[in-house]
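The structure under discussion appears below in the form of structure tokens.
Chain letters run A, B, ... following the sequence lines, proteins first, then strands; residues in each count from 1.
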2 protein chains.
Amino acid sequence: MNEIIKALKSARLEKKLKQSELGGKLGLPQSHISKIEQGATDPRLSTVTDMARLLDLELVLVPRAMLPAIQAMIRGEREEQTPRWQLDEEADR
Amino acid sequence: MNEIIKALKSARLEKKLKQSELGGKLGLPQSHISKIEQGATDPRLSTVTDMARLLDLELVLVPRAMLPAIQAMIRGEREEQTPRWQLDEEADR
DNA sequence: ACAATAAATATGCTATAGCATATTTTTATG
DNA sequence: CATAAAAATATGCTATAGCATATTTATTGT
């Protein structure tokens, strides 16, 4: 499944929006959001950018060479809820 | 004009590819590349991702909050041809 | 288990992306 | 300039995105 579509679906869920709500804001029927999220359709660029922006995301073209660095940067965000590591001693005290 | 489309066109020129060559690799007629670059058509997501990859680019979804940081990072690359600043003394000697 | 709500599917229709081919216009080069 | 090459436009056709509406299939809550 397409990475971008997957990310858009996650973002929608993260924001606790229903397909019908997102569709409403976009002027698309819920059925269409469903098809897009299912990968049952190959949406137009404008549809994807509009959807992204409603979810506080932006579509960007990145040189492949710097992809890992940028993805790490993006992962960095949000995950500061649960630390990724912890000192051996004194943990949880 | 759409930023992504603009970036794709720049990348094609940077790589010194003709519309017909890019189209050839993609299995699209030159006329279609022209329409896309002119903004005369709203291409499908798959068309844009395919085109990007042939140009060593990847389409990525970025949280709007970190857009400036990431764009700075991207600008950083490649521009090491002409330095952005220079010491007052001893310049060009 | 039932009712209510959300999500996924289905269908028929319209608009348009994309294909193939041909022509015109623009840009380089001698 | 003239000529060649590249890019932009044009046209007719096919495939499919997207719209509207309706139905079916999960999910969730009581």
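A straight line from CD of B/Glu37 to C1' of D/dA8 spans 11 Å, rounded to a whole angstrom. If you take CD of B/Gln38 and C1' of C/dG18, they are 16 Å apart, rounded to a whole angstrom. Across the protein-nucleic acid pair, A/Lys16 atom NZ and C/dA7 atom P stand 12 Å apart, rounded to whole Å. In this structure, B/Arg44 places its CZ atom 8 Å from P of C/dA17, rounding to the nearest Å. Atoms CG (A/Leu28) and P (C/dA15) sit 17 Å apart, rounded to a whole Å. Atom NZ in B/Lys15 sits about 20 Å away from atom C1' in D/dA6, given to the nearest Å. With rounding to whole Å, B/Gln30 atom CD is found 13 Å from D/dA10 atom P. To the nearest angstrom, P of C/dT16 lies 17 Å from CG of A/Asp42.
The residue A/Ser34 sits close to a base: some heavy atom pair falls under 4.0 Å. B/Ile33 comes within 4.0 angstrom of no nucleic acid atom, judged by non-hydrogen atoms across all strands. The residue A/Gly23 sits apart from the nucleic acid: no heavy atom pair falls under 4.0 Å. Contact annotation for B/Ser31: base contact, defined as any heavy-atom pair under 4.0 Å involving a base atom.
Contact annotation: B/Arg12 side-chain N/O to D/dA7 OP1/OP2 distance is under 4.0 Å. The shortest distance between the side-chain N/O atoms of B/Lys9 and the OP1/OP2 oxygens of D/dA8 is below 4.0 Å.
With A/Ser34 contributing its side chain and A/Gln30 its backbone, the two residues share no donor-acceptor pair below 3.5 Å. Under the 3.5 Å distance criterion, the side-chain polar atoms of A/Arg12 are matched with a main-chain donor or acceptor of A/Leu17. The main-chain N or O of A/Arg44 is never found under 3.5 Å from a side-chain atom of B/Asp42 such that the two would form a donor-acceptor pair.
Taking NZ of B/Lys35 as the start and CD of B/Gln38 as the end, the distance is 11.0 Å to the nearest 0.5 Å. One distance of note links CD1 of A/Ile33 with OG1 of A/Thr41; it measures 11.5 Å at 0.5 Å rounding.
Each of A/Thr41 and B/Leu17 was matched to the nucleotide of DNA chain D holding its nearest heavy atom; the match closer to the 5' end belongs to B/Leu17. Both A/Leu13 and B/Ser46 lie near DNA chain C, and the one whose nearest nucleotide falls closer to the 5' end is A/Leu13.
Side-chain proximity of B/Lys35 to the nucleotides D/dA6, D/dT11, D/dA8 is greatest for D/dT11. Side-chain atoms of A/His32 lie closest to D/dG18 of the nucleotides D/dG18, C/dC19, C/dA8. Nearest to the side chain of A/Pro29, among C/dT16, C/dA7, D/dA20, sits D/dA20.
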